[in-house]
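Only one structure is covered here, and it is reproduced in the block below.
Residue numbers begin at 1 in each chain, while the letters A, B, ... track the order of the sequences.
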Amino acid sequence: MAKGLFQSPKGVRDILPEDQVYWRRVEDAIRKIVDLYGYERLDLPVFEDTGLFRRGVGEATDIVEKEMYTFKDKGDKSITLRPEFTAGVMRSFIQNSMDQLPKPTKLYNIGQVFRYERPQAGRFRQFYQFNVEALGEVDPALDFEIMSMAYHLYDELGFENLSFQINSIGCPHCRPGFHEQLTSYYKQRFNDICTDCQTRLDKNPLRLLDCKREQCQPIIEVAPSMADCLCDECRDHFKTLRRYLDDAGRLYTVNHRMVRGLDYYTKTVFEVWAQGIGAQNAVCGGGRYDGLSEILGGKPMPGIGFAAGIDRIVMSLQAQDHLKLSRPAPQAFFVTQGAGAKEQAVRLIIELRNAGISAMLAFGDRSFKAQFKEADKRRTRFTIVIGEGELEGQYVTVKNMSESSQENVPWSELVEYIGK
RNA sequence: GUGGGUGUAGCUCAGUUGGUUAGAGCGCCAGGUUGUGGCCCUGGAGGUCGCGGGUUCGAUUCCCGUCAUUCACCCCA
């Protein structure tokens, strides 16, 4: 495999020309959705002050504890490659006084994010996210709008068999009570739970509900549920969101065990799971983060958003037969014999391209056979031949590659002939 | 961070109970057709058998180490 002196670092990869058609497909769908919902693009730096993520994402999260690409720059400042978008969006929102804008402020981002993890199927150290945020509004109708964008995006891409998981994880008023119930419940069963859960109990109790170990399942079964501890406001919020979803005929699963890995979430959280991409099946995750602004020194500013993993979306598209795409091919491919013929081909190519018709030329000095082989490999629709006869008669021979038929066309009529 | 799998041609992989010139299919290049692709036929290019060490008369094959890669756990997009 390796030929040269270097290969790409672990966990990062090249997105090759043959795959670009899928990426473009996803980008097109994204553009359509954001325009339809009135979201505007915000481009952020790829790196930020390390402190932004430590505080914004949360010290106790896996991202901060073990997954950040952090380094000192030449000014001895600690810099981190963004592991997610939301903290950066909030920083930018505060820094640029976006609270002066109409609320909610609707923003989206597209770009690379970085997490130092062991690579596996669907997991990379550099990957691409489409990220959406709406700030300044607590209305559950906004939660619905954000989720609708996710549904809509996957509809637009032709996905089938997706699973939407939603939950409410409460707010600073009701979650502490739940925490307490949960931890005291687990403390009594400390010796029956797995070692991971024993540390979770201390570090991140909500995660206890997420454990997949066999031995913990019976304990999760009868554990206290967040749903029973939600305050009136959170309960109403969740109920209203669900009513919107039901009215719209959107399918979802209420998953009381889904808690999400970032500290800033409040109330609504959701994930979207896809098939055919390995064990890492989440293609989208998000939720509400009503307390984040204050954590970052801004004034209270509720918000909700999600991030969709473009790499995984592409993988899932490629895994679904009916969504397979082929790379683009030129309309016309010129093959020539002799210097004069090539000069004429170059002139005609300019005309075609100016008319919006994609055209290519066989370079070098090769036999017609070799040039035709190239034309075939590039899957051109028409191969256009210019040899001695054509040059003299001021016409070209146009071969339709799929029908294997050919016709003589005067130079002056070529654009019209191909364009029709 | 933990655990398993795999490293032989550009790609997918055979192979050698350790033996001298390492194979296939696909791909690539050329010819069969000095103006025509896809099919077919013929030929050609291309390999430090991941790297280092050990055992051996001899290692691609056995042993150790190492690196890379891959899948999974943790967690997430």
Task: Sugar-phosphate or base contact per nucleotide [nucleotides 70-77 of chain B; S, B, -; heavy atom under 4.0 Å] - done: -SBBBBBB
Task: Nucleotide paired to B:G44 in any strand shown, Watson-Crick or G-U, under 3.5 Å - done: B:C28
Open item on the list: Using side chain to side chain donor-acceptor pair (under 3.5 Å), reason through A:Q318 and A:D19 one step at a time and then give a plain yes or no.
Closed with: CA-CA 9 Å; A:Q318 290 172 330; A:D19 293 319; 3.1 Å; yes
Open item on the list: Do the side chains of A:D155 and A:R250 get close enough for a salt bridge, i.e. N-O under 4.0 angstrom?
Closed with: yes
Open item on the list: Give me the distance, rounded to whole Å, that separates B:C28 from B:G37 when you measure between the P atoms they each carry.
Closed with: 15 Å
Open item on the list: Please report the distance, rounded to the nearest Å, between CD in A:Q371 and C1' in B:C29.
Closed with: 15 Å
Task: Aromatic ring proximity, centroids under 6.0 angstrom, A:Y151 and A:F164 - done: yes
Task: Under 4.0 Å protein heavy-atom contact, by nucleotide of nucleotides 33-39 of chain B - B base, S sugar-phosphate only - done: --BBBB-
Task: Between B:C63 and B:C40 - P atom distance, rounded Å - done: 42 Å
- [ ] May I ask which nucleotide in the shown strands pairs with B:A68, Watson-Crick or G-U wobble, both distances under 3.5 Å?
- [x] B:U6
Open item on the list: Using atom C1' in both nucleotides, what's the gap between B:C74 and B:U2 to the nearest angstrom?
Closed with: 9 Å
Task: Counter-base of B:G38, judged by Watson-Crick or G-U geometry with both distances under 3.5 Å - done: none
Task: Gap in Å between the two P atoms, one belonging to B:G65 and one to B:C71, rounded - done: 25 Å
Task: Residues A:E65, A:R115: salt bridge by 4.0 Å N-O rule - done: no
Task: Side-chain H-bond candidate by donor/acceptor type, A:E407 with A:S405, under 3.5 Å - done: no
TODO: Using the P atom on both, measure B:U17 against B:C13 and round to a whole Å.
DONE: 23 Å
Task: Euclidean distance for P, B:A45 against B:U56 (whole angstrom) - done: 39 Å
- [ ] Grab the CG-C1' distance between A:L16 and B:C11 for me, whole Å please.
- [x] 13 Å
Task: Inter-nucleotide P distance (B:A22, B:U60), Å rounded - done: 11 Å
Open item on the list: Let's test this: given Watson-Crick or G-U wobble pairing with both distances under 3.5 Å, identify the partner of B:U61.
Closed with: none
Open item on the list: Any heavy-atom pair between the side chains of A:I418 and A:V398 that's under 4.5 Å?
Closed with: yes
- [ ] State, with a plain yes or no, whether a side-chain heavy atom of A:H237 is found less than 4.5 Å away from one of A:D143.
- [x] yes
Open item on the list: Need the pair for B:C73. Rule: Watson-Crick or G-U wobble, both distances under 3.5 Å, any strand; none if unpaired.
Closed with: B:G1
Task: Electrostatic pair A:D28-A:R24, nearest N-O below 4.0 angstrom - done: no
TODO: Provide the distance between the two P atoms, one in B:A30 and one in B:U21, to the nearest whole Å.
DONE: 32 Å
TODO: Dump the intermediate steps for side chain to side chain donor-acceptor pair (under 3.5 Å) on A:E133 and A:N131, then the final yes or no.
DONE: CA-CA 7 Å; A:E133 313 285 358; A:N131 183 73; 2.9 Å; yes
TODO: Indicate yes or no: does A:R13 engage A:D311 in a salt bridge with an N to O separation below 4.0 Å.
DONE: yes
